[in-house]
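Here the structure comes first, spelled out in structure tokens, and everything after it is commentary.
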Number of protein chains: 2
Amino acid sequence: MSDAFATNHDSYYPIGETIAAELPTHRTGELAALQTVSTMSRFGRNQTIFNEGDDANYSYTVVAGGVRLCKLMSDGRRQIAEFLLPGDIFGFEAGDEHSLTAEALSDVVVMRCSRSNMERISDEHPVVRKQLLSLLRRELSAAQDHLVMLGRQTAKERVTSFLVQLAERAGAANGDSLDLPMGRQDIADYLGLTIETVCRALSDLKSSRLIGIPSRHQVTIRNLDALEAIAVGDE
Amino acid sequence: MSDAFATNHDSYYPIGETIAAELPTHRTGELAALQTVSTMSRFGRNQTIFNEGDDANYSYTVVAGGVRLCKLMSDGRRQIAEFLLPGDIFGFEAGDEHSLTAEALSDVVVMRCSRSNMERISDEHPVVRKQLLSLLRRELSAAQDHLVMLGRQTAKERVTSFLVQLAERAGAANGDSLDLPMGRQDIADYLGLTIETVCRALSDLKSSRLIGIPSRHQVTIRNLDALEAIAVGDE
DNA sequence: CGCCCTATTGAGATTCATCAACTGCGGTGG
DNA sequence: CCACCGCAGTTGATGAATCTCAATAGGGCG
């Protein structure tokens with residue numbers, strides 16, 4: 001879980017377009033205002049961005065790469081709460097401390113915005129404020145779906161739901177391939193399963209011809225309808 | 001799950017103190033402003049307050065009794081996301097629709113506030129706005145803890161964590177008794193277990209003398225430290 | 001080419017779910 | 001006042017799903 005090679009570069013950007021150009025606008029939308037007061041940072045694979053319990057001085061937006069947000073139990077058990085892709089915002093906390101640990105799934109570029117700037121901007125711009133509120137509620141709603149998955153779905157249903165989620169997020173259809181920026185262990189920790197169970201479920205879907213697995217980090221959707229049916233429990 | 005006897009009475013209150021007096025102030029705090037534009041309603045045990053997918057025209061505050069928020073799968077599997085006690089706010093949604101179903105655990109009294117009033121007040125009062133934001137973030141943080149429970153804890157740990165949560169919420173110490181307004185099936189659906197497994201775990205804790213079970217709806221805390229240790233996985 | 005890391009597959013152990021019987025309590029009515 | 005009924009909870013026996021442990025495979029990189 002440790003990574004020696006990773007280093008962390010900060011670089012100050014003037015303002016605006018260069019950064020904005022890299023962001024999928026459908027996700028960040030009007031939060032663009034934040035970019036004007038943000039700093040770019042870079043993290044290597046498996047590097048920690050912040051730990052649960054750290055002072056929550058900054059919020060972040062993913063620019064490139066992927067991030068996982070997780071909780072660790074004292075004996076090492078891990079639960080991943082969320083995978084973040086470009087455009088996603090994280091580290092925007094209730095209290096003084098981060099409630100989750102953030103780690104880079106792959107090499108990742110993030111924009112960092114200080115808490116005070118965040119608050120100032122959201123006080124000044126009702127639009128930004130509403131967006132942040134709406135962001136939180138969407139996250140809450142996503143967490144609730146995640147609860148159903150962990151509490152009431154079988155292993156196969158969880159893995160399938162996960163793939164369907166990714167497919168929807170990417171707007172993928174039959175024949176398209178999905179990128180899996182995370183490893184199998186990450187998927188297992190997101191789904192509350194072991195890595196072996198995840199593998200078996202994937203192999204199973206593959207031999208049923210619902211998916212293809214051209215490489216470790218790619219899955220081809222072959223029959224999205226069937227996957228959606230399995231995800232909801234219609235065998 | 002259907003209940004014939006339950007009926008629903010609405011009654012308009014003038015303003016203020018009579019209602020405020022019934023509320024535990026530590027929870028609602030300055031959200032008191034909402035009370036001035038709220039309506040009181042009453043629901044019987046197991047009665048539905050709103051369904052997932054219903055138009056989210058109102059937000060609610062529990063005044064007396066308990067409420068469960070849950071998700072249902074098409075085949076009847078149920079996951080309870082949250083139990084609400086007096087002072088808790090719910091039904092404050094991201095989109096046009098409620099993302100969860102709300103049902104009365106017992107006979108319950110709620111204050112209802114229209115979405116438009118809610119938005120107007122939160123636009124006019126920065127304090128209320130910040131409180132709602134903070135409320136959402138606390139809920140999100142609670143949901144994340146719930147994810148760990150469902151994804152990574154054993155049955156015994158889950159049941160124990162649940163009791164510890166209740167004890168903390170009630171500020172209970174060794175020797176104190178907790179009220180369990182919900183039934184065993186509700187607990188099971190909250191913890192992602194079956195009713196039998198919940199029973200066995202409770203019986204187990206009882207025979208280890210960590211708790212007492214004077215009645216169906218009460219649990220006596222005998223050794224909170226030991227319970228907390230089990231909840232975290234220190235056998 | 002060979003090593004290392006990740007993923008996959010296999011066999012046996014364990015936890016929890018399922019199915020079924022029984023208990024205890026509160027309410028109702030004789 | 002007591003007997004019966006019904007529901008919620010508890011306990012027991014069995015089985016299935018998933019975890020654990022172990023061996024094997026595959027891909028990228030020095």
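In what follows, chains are A, B, ... by sequence order, proteins preceding strands, each numbered from 1.
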Exercise. For A/Arg152 and B/Leu193, indicate whether the former's side chain and the latter's backbone hold a donor-acceptor pair under 3.5 Å.
Key: yes

Quiz item: Taking the six-membered ring for Trp, is the centroid-to-centroid distance between B/Phe50 and B/Tyr60 below 6.0 Å?
Solution: yes

Quiz item: For residues 167-218 of chain A, which residue pairs qualify under ring-ring contact (aromatic ring centres under 6.0 Å, His included), counting only residues two or more places apart or in two chains?
Solution: A/Phe83-A/Tyr190, A/His146-A/Tyr190, A/Phe162-A/Tyr190

Practice problem: For B/Gln185, enumerate each residue passing the side chain to side chain donor-acceptor pair (under 3.5 Å) test, keeping only those at least two apart in sequence or located in another chain. | Solution: B/Asp189

Quiz item: Going 5' to 3' along DNA chain C, which nucleotides are the first and last within contact of chain B (any atom under 4.0 Å from a heavy atom)?
Solution: C/dC16 to C/dG24

Exercise. Mark yes or no for whether A/Asp54, through its side chain, and A/Asn51, through its backbone, hold a donor-acceptor pair below 3.5 Å.
Key: yes

Quiz item: Taking the side chain from A/Arg158 and the backbone from A/Gln153, do they hold a donor-acceptor pair closer than 3.5 Å?
Solution: yes

Exercise. For DNA chain D, note the earliest and the latest nucleotide, 5' to 3', having some atom under 4.0 Å of a heavy atom belonging to chain B.
Key: D/dA8 to D/dA13

Quiz item: For the atom pair CD (B/Gln79) and CG (B/Leu100), what is the distance rounded to the nearest 0.5 Å?
Solution: 10.5 Å

Quiz prompt | Under 3.5 Å side-chain donor-acceptor pair for A/Ser99 and A/Glu52 | solution = no

Quiz item: Under the 3.5 angstrom rule, does the side chain of B/Asn223 hit a backbone N or O of B/Ala226 as a donor-acceptor pair?
Solution: yes

Quiz item: Starting at the 5' end of DNA chain D and moving along, which residue's nearest nucleotide shows up first, A/Thr154 or A/Glu196?
Solution: A/Thr154

Quiz item: For the residue pair A/Leu85 and A/Pro181, what are the closest heavy atoms and their distance?
Solution: CD2-CG, 4.1 Å

Quiz item: Is the backbone of B/Glu157 close enough, under 3.5 Å, to the side chain of B/Ser161 for a donor and an acceptor to pair up by distance?
Solution: yes

Exercise. Please list, by residue number, the residues of residues 197-216 of chain A whose heavy atoms come closer than 4.0 Å to an atom of DNA chain D; answer none if no residue qualifies.
Key: A/Thr197, A/Arg200, A/Arg216

Self-check item: Estimated bend of the helix from C/dC1-D/dG30 to C/dG30-D/dC1 (axis per five terminal pairs, rounded to 10 degrees)
Solution: 20°

Quiz prompt | Partner of B/Glu103 by side chain to side chain donor-acceptor pair (under 3.5 Å), out of B/Arg45, B/Gln47, B/Arg68 | solution = B/Arg68

